[in-house]
Number of protein chains: 2
Amino acid sequence: MYEKKIPLLLECGLTMTKEVLGGKWKTSLIYAISEGILRPSDLQRAIPGSTKRVLSQQLKELEEFHILNKKIYHQLPPKVEYTLTELGETVLPIIKMMNQWGEHNRIPLETMIKSRSESRAV
Amino acid sequence: MYEKKIPLLLECGLTMTKEVLGGKWKTSLIYAISEGILRPSDLQRAIPGSTKRVLSQQLKELEEFHILNKKIYHQLPPKVEYTLTELGETVLPIIKMMNQWGEHNRIPLETMIKSRSESRAV
DNA sequence: CGGCATCCGCCAAGATACTG
DNA sequence: CAGTATCTTGGCGGATGCCG
């Protein structure tokens, strides 16, 4: 057994996870769906600042990653519901942790983010 | 107390965390530093595909968020070491989870990512 | 309502080169 | 070795409109 001097190649797992959760609203979508908001239109309402197109697109991507199931009700008006797959359930802990961490450090973080954007504004 | 009908406003925590871990290499940087790779040049070697400029910039941002401490040795050639702050230690669990999740699901994910990029190539 | 096509602006990140 | 300035680029996401 050699001692790894530098390589580490930590990339693998981290990079793939970021690939899956990378989009702007992906984590919010997963979280919202886990909370029972299943329909695209409701999701858009629940995620202020998001647009239909991007949400739709990211839902599609999450479906391709088998994070989400898509159930189509063939009726008029059409109705669609997304639910977490088993794989999707396994990412939830990560997202909840991210949310908790953000909540928990809200005050200091807000201040830092604010001062950063101000200094950039100059 | 009103029942929230739709809002949820889950944004807060999640959004801030993504703000902090958002850059392309931020999570890798934090992870590598937690593993004892502290110097910029070593970090760049440890993270294949990264460039000096972006790494440097993201280290700076993480420092501004008080995720990292920067220690400068005034000598020639110059030497700099980054270490995790207490706040930085608290994000580590998230990153480790992301890494583990990615590792654990490597096989299926790789296949999906591959097929996705192929279909896009058309 | 849900999905997709199109067009476009912007910004994060690549490439390169220079200072201390 | 570490950091920054400059220029360029690619692709993500915003806006809008149409169709089933």
Side-chain angles (χ1 to χ4, degrees), chain A residues 6 11 14-15 18-29 32-33 37-65 68-83 113 116-117 119-122, chain B residues 6 11 15 18-29 32-33 37-65 68-83 113 116-122:
Chain A
I6 288 174
E11 295 323 297
L14 226 34
T15 331
K18 291 198 91 175
E19 184 77 20
V20 175
L21 303 181
K24 187 164 185 181
W25 307 111
K26 296 239 180 83
T27 53
S28 302
L29 282 171
I33 290 172
I37 306 181
L38 310 181
R39 303 184 56 181
S41 48
D42 290 338
L43 286 165
Q44 198 193 338
R45 262 187 294 276
I47 304 179
S50 65
T51 66
K52 196 174 65 155
R53 192 187 75 82
V54 176
L55 246 43
S56 180
Q57 170 190 317
Q58 304 203 341
L59 284 167
K60 191 179 184 179
E61 290 177 20
L62 289 171
E63 191 197 350
E64 288 172 355
F65 280 127
L68 297 181
N69 270 321
K70 180 178 186 173
K71 176 161 189 182
I72 305 177
Y73 297 83
H74 293 282
Q75 59 183 47
L76 242 49
K79 176 177 169 184
V80 171
E81 287 185 348
Y82 290 91
T83 50
I113 294 177
R116 267 176 42 78
S117 47
S119 62
R120 256 189 305 178
V122 180
Chain B
I6 288 172
E11 295 323 297
T15 331
K18 290 198 89 175
E19 184 77 21
V20 175
L21 303 182
K24 186 163 185 180
W25 307 111
K26 296 240 179 83
T27 52
S28 300
L29 282 171
I33 289 172
I37 305 182
L38 310 181
R39 303 183 58 181
S41 48
D42 290 337
L43 286 165
Q44 198 193 336
R45 261 186 295 274
I47 304 179
S50 64
T51 65
K52 198 174 63 156
R53 194 187 75 80
V54 177
L55 246 42
S56 180
Q57 170 189 317
Q58 303 203 342
L59 284 167
K60 193 178 183 178
E61 289 178 20
L62 288 171
E63 191 197 352
E64 288 172 355
F65 280 127
L68 297 181
N69 271 321
K70 180 178 186 174
K71 178 160 188 184
I72 305 176
Y73 297 83
H74 293 283
Q75 59 184 45
L76 243 48
K79 176 178 170 183
V80 171
E81 286 184 348
Y82 290 90
T83 50
I113 293 177
R116 267 177 44 76
S117 46
E118 277 167 14
S119 63
R120 255 189 304 178
V122 181

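This structure is a prediction, so every number in the text was calculated from the model and none was measured. Each chain gets a letter, A, B and so on, in the order its sequence line appears, and its residues count up from 1.
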For B:L76, what residues pass the side-chain contact (heavy atoms from CB on, under 4.5 Å) criterion, not counting sequence neighbours?
->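 Checked B:L76 against side-chain contact (heavy atoms from CB on, under 4.5 Å); matches are B:P78.
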
Should the pair A:D42-A:R39 be classified as a salt bridge under the 4.0 Å nitrogen-to-oxygen rule?
->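 No.
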
Residues 50-60 of chain B side chain polar contacts: donor-acceptor under 3.5 Å, at least two apart:
unit_1: B:S50; atom_1: OG; unit_2: B:I47; atom_2: O; d: 2.7
unit_1: B:R53; atom_1: NH1; unit_2: B:Q57; atom_2: OE1; d: 3.1
unit_1: B:Q58; atom_1: OE1; unit_2: B:W25; atom_2: N; d: 3.0
unit_1: B:Q58; atom_1: OE1; unit_2: B:K26; atom_2: N; d: 3.2

So, is B:T51 near the phosphate of C:dA13, with a side-chain N or O under 4.0 Å from OP1 or OP2?
->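 It does not, given that no N or O in the side chain of B:T51 lies less than 4.0 Å from OP1 or OP2 of C:dA13.
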
Whole angstrom is fine here: how far is it from [atom1] in [X] over to [atom2] in [N]?
X	N	atom1	atom2	answer
A:E61	C:dG3	CD	C1'	14 Å
A:L29	C:dG2	CG	P	13 Å
A:Q58	C:dG2	CD	C1'	16 Å
B:K24	D:dG10	NZ	P	13 Å
A:L68	C:dG2	CG	P	15 Å
A:H74	C:dG3	NE2	C1'	13 Å
B:L38	D:dC1	CG	C1'	15 Å
B:L55	C:dG14	CG	C1'	13 Å

Kindly write out the residues that satisfy side chain to side chain donor-acceptor pair (under 3.5 Å) with B:E63, not counting sequence neighbours, or none if the list is empty.
->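 Checked B:E63 against side chain to side chain donor-acceptor pair (under 3.5 Å); zero matches.
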
To the nearest 0.5 Å, how far apart are NZ in A:K79 and NE2 in A:H74?
->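 A:K79 NZ to A:H74 NE2: 13.5 Å, rounded to 0.5 Å.
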
Close side-chain approach of B:Y82 to B:L38, heavy-atom, < 4.5 Å |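 The answer is no; the side chains never approach within 4.5 Å.
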
Angle between terminal axes - the helix from C:dC1-D:dG20 to C:dG20-D:dC1, 5 pairs each end, rounded to 10° |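 For the helix from C:dC1-D:dG20 to C:dG20-D:dC1, the axes at opposite ends meet at about 40°.
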
Given the rule in the side-chain contact (heavy atoms from CB on, under 4.5 Å) test, do B:L68 and B:T83 qualify, once you have shown the distances and angles that lead to the verdict?
-> CA-CA 6 Å; B:L68 297 181; B:T83 50; over 6 Å; no

Set of salt bridge (charged side-chain N to carboxylate O under 4.0 Å, His left out) partners for A:K70, sequence neighbours left out =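 A:K70 satisfies salt bridge (charged side-chain N to carboxylate O under 4.0 Å, His left out) with no other residue.
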
Dump every N/O contact between nucleotides 2-6 of chain D and the protein below 3.5 Å, one line per pair.
unit_1: D:dA2; atom_1: OP1; unit_2: B:R39; atom_2: NE; d: 3.3
unit_1: D:dA2; atom_1: OP2; unit_2: B:S41; atom_2: N; d: 2.8
unit_1: D:dA2; atom_1: OP2; unit_2: B:S41; atom_2: OG; d: 2.6
unit_1: D:dG3; atom_1: OP1; unit_2: B:K70; atom_2: NZ; d: 2.6
unit_1: D:dG3; atom_1: OP1; unit_2: B:Y82; atom_2: OH; d: 3.3
unit_1: D:dG3; atom_1: N7; unit_2: B:K52; atom_2: NZ; d: 3.4
unit_1: D:dG3; atom_1: O6; unit_2: B:K52; atom_2: NZ; d: 2.2

Contact summary for B:L62 and B:V20, nearest pair of heavy atoms |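 Reported closest heavy-atom pair: CD2-O, 3.9 Å.
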
